[in-house]
Undergrad: 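Here it is, the structure in full.
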Amino acid sequence: MTISEILSYGFIQRALVAGSLIAVLCAVLGVFLVLRRLSLIGDGLAHVTFGSVAIALFLRINPAVVTVAAIPIVLLSSFGILKLTDKARIYGDAAIGIVSSLGIACGVLLASVAGGFNIDLFSYLFGNILAIGTGDLVLALVLFTIVLLAVFFFYYDLVAITFDEELARSSGIRTKTINTVLVLLTALTVVLAMKLVGIMLISALLILPAVTALQVAVSFRATILVAAILAVGSVVVGIFGSFILNLPTGASIVVVNFIVFMLVFSGKKLRQAH
Amino acid sequence: MSLDMVVTSELCFSYNGAEVLDKVTFHVRQGDYLGIVGPNGSGKSTLVKTLLGLNRPAHGTITLFGIPQEQFGDWQKIGYLPQRLKFFNPNFPATVEELVRLGLLAGKRFPKRRVKGDDAAVEETLAIMGISDIRKRLIGELSGGQQQRALLARAIVGKPELLIMDEPTTALDPETRERFYEMLQLLNRERNTTVILVTHDTWSIGKYATRFLYIDKRVVFDGTFDQFCQSEEMTGFFGEHAQHIICHRH
C-alpha cells in the first residue's frame with residue numbers, strides 16, 4: 001500500500017492532523033514539566049481522565065462529547081494537585097499520587113457498577129485513532145490554539161519559574177498564577193491526547209520528546225523547537241507504522257519516540273567519546 | 001539627604017516555632033554598601049528573603065523605596081543574587097544570554113514582556129560582566145565563576161537601584177571572588193547602586209563595605225566602617241586580631 005493510498009483514509013488524515021497538534025503541545029509543555037521535575041503530572045492527570053471518562057460513560061453521555069465532558073473534571077483535579085501541594089504542605093509527587101489514585105479508583109468503581117469494562121473505556125486507556133472524529137479535530141484545533149497562545153504570552157514567565165521559582169518570585173513574577181497556568185494547560189493537553197495515545201501512554205508523549213531534545217540543547221528556544229519537531233515526526237511515523245504493521249497506534253507512537261531518544265542519546269555519547 | 005531604600009522596624013520571623021529574627025530594625029540609604037555579617041544560623045538569609053517578600057514576617061514592617069513592602073510593585077528597582085539557586089538544574093538548557101534576559105522581566109506587565117531597548121541592555125551588561133564571548137554557551141557548561149557572573153548580570157541588567165546578594169561568592173576561588181567584589185564596588189561607585197551583601201567573608205567585605213550590620217537573630221551592631229573598627233563589642237565577637245585585619249583595608 002502506497003503512502004497516498006494510506007492518506008486517502010479519512011481517519012488517517014484526522015489522526016495525522018490531530019496527532020501533530022497534540023504532539024506539538026505535549027512537546028512544548030513537556031520541556032517545562034521535565035525541567036521542573038513535574039513529568040509525572042501528565043500521568044496523574046491522565047489517570048484522572050480515566051475516572052472522568054468512566055463518569056461520562058456511566059452517565060451515558062454521547063461518546064462524541066466524552067472528551068469535552070472530561071475537561072472540567074480534569075481541570076478541577078489539576079487545581080486539586082496545586083492546592084494539596086500549596087495548602088496541605090504535601091510534595092508535588094505525593095499530591096499527584098493522591099489525585100491520580102483517586103481518579104483510577106473512581107474509574108474502576110464506576111466501571112464495576114456499570115457491569116465491567118466495556119470497549120469504549122478500553123479504547124480510552126490505550127488510544128484508538130478510529131475514534132478521532134471531526135468533532136475531536138475541531139476540539140484539538142481550538143485547544144491547540146488556546147494552549148499555544150498561552151505559552152506564547154507567558155513564555156518568559158514560564159522560563160523564569162522553570163529556572164528558579166524563588167528567583168522568579170523575587171522579580172515580582174506571580175509564580176502561583178504561572179504554575180496554575182502550566183498545570184491547566186497540561187490538563188487540557190492530556191484530555192486532548194487521550195484518544196490518540198490513550199490514558200496509559202500520555203506521559204510518554206510529554207516526557208520523551210522533551211528529554212530527547214534536552215540531549216542536544218543549544219538554547220531554551222531551540223530545545224522547544226527540536227522537541228516539537230521530534231514529537232510530530234514520531235507521531236507521523238507511529239501512525240503510518242501502526243497502520244502498515246497492524247499494530248496499536250498509541251503504543252507504536254511511544255516506541256518510535258523511545259527509539260528516537262535512544263538514537264539521539266547514543267549519538268551524543270558517541271560524539272563525546274570521540 | 002539621601003533616600004531610604006530599605007527600612008525595617010521590629011521585624012520578627014519564626015520558623016516552626018523557633019525565632020529566627022527578633023525585632024530587627026535597620027535602614028539602608030541610597031548609595032550605601034551594607035555588609036550583613038553574623039554567625040551561621042543568625043538569620044542573615046532569612047532577613048534577605050523577608051526583605052524580598054519571599055518570607056512573611058510574623059511582626060514588624062518593611063518599607064522599600066518609601067512604600068510598604070505589601071504594596072511595593074517596582075521589583076525592577078531591586079536586583080537579587082541568591083547564595084545558590086534552590087532548584088538549579090545543571091542541565092537547564094538556557095544560554096547565558098537567555099538567562100540574563102530573564103532579569104528584564106521585573107516590572108513589565110503582561111503582555112509587554114519584551115520591549116525595545118532590551119537587546120541593548122543585555123548587550124551592555126554582558127560586556128560589563130566580561131561574558132560577551134560566552135553568551136551562546138549553556139549555563140550548565142560554565143565554571144562556577146562564570147555562572148556567578150552570569151547570575152550577577154541577570155541581577156543588574158535591569159539597572160536596579162538596589163542590589164541584594166546572599167553569600168554570592170561561596171563557590172568562587174579567591175581570585176574570582178576578588179574580581180567579583182571589585183565589580184560590585186564599581187557598580188556602587190559609578191552607578192550609585194545601593195548594595196546589601198550578606199557574607200561570611202568578613203575580611204573581604206571589610207575592604208569594600210561602607211556600613212556593617214552584625215546580626216545574631218537581633219541586630220548586634222549597626223554602624224559605619226569606622227564605628228565598626230572602634231567598637232569594643234565587635235572586638236569581643238571577632239577578636240582584636242581579626243578586627244584589625246578587617247579594618248586595615250587601605
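Quick note: numbers below take in every heavy atom, side chains included, and nothing from hydrogens, waters or symmetry partners. Just so we're on the same page: letters track the sequence lines, and every chain starts at 1.
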Undergrad: Please classify the contact between B:Leu99 and chain A as side chain, backbone, both or neither, with a heavy-atom cut-off of under 4.5 Å.
TA: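 Side chain only.
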
Undergrad: Do the ring planes of A:Phe220 and A:Phe32 sit parallel (below 30°), tilted (30 to 60°) or perpendicular (above 60°)?
TA: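 Rings of A:Phe220 and A:Phe32: tilted, as their planes differ by 30° to 60°.
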
Undergrad: Where does B:Leu138 contact chain A at under 4.5 Å (heavy atoms): side chain, backbone, both or neither?
TA: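 Answer is side chain: those atoms of B:Leu138 sit under 4.5 Å from chain A.
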
Undergrad: One thing to verify: whether B:Lys49 and B:Asp166 come together as a salt bridge, which I'm taking to mean a side-chain N less than 4.0 angstrom from a carboxylate O.
TA: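 B:Lys49 and B:Asp166: not salt-bridged.
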
Undergrad: Is chain B contacted by the side chain of A:Arg221, its backbone, both, or neither, given a heavy-atom distance below 4.5 Å?
TA: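 Answer is both: backbone and side chain atoms of A:Arg221 are under 4.5 Å from chain B.
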
Undergrad: Given that the side chain runs from C-beta out, which part of B:Arg137 has a heavy atom under 4.5 Å from chain A: side chain, backbone, both or neither?
TA: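 Contact with chain A: none, neither part.
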
Undergrad: Look at the aromatic rings of A:Phe265 and A:Phe261 and report parallel, tilted or perpendicular, splitting at 30° and 60°.
TA: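 The arrangement is parallel - the two ring planes meet at less than 30°.
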
Undergrad: If we only count heavy atoms from C-beta on, is the B:Tyr80 to A:Glu166 side-chain gap below 4.5 Å?
TA: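 They are in side-chain contact.
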
Undergrad: Of the backbone (N, CA, C, O) and the side chain (C-beta and beyond), which part of A:Val218 lies under 4.5 Å from a heavy atom of chain B, both, or neither?
TA: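 Contact with chain B is through the backbone of A:Val218 alone.
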
Undergrad: Less than 4.5 Å apart, any side-chain heavy atom of A:Ile178 and any of A:Ile173?
TA: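 Touching, per the 4.5 Å side-chain cut-off.
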
Undergrad: Any idea which of A:Ala217, A:Ser170, A:Gly172 has the most non-hydrogen atom pairs under 4.5 angstrom with chain B?
TA: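 That would be A:Ser170.
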
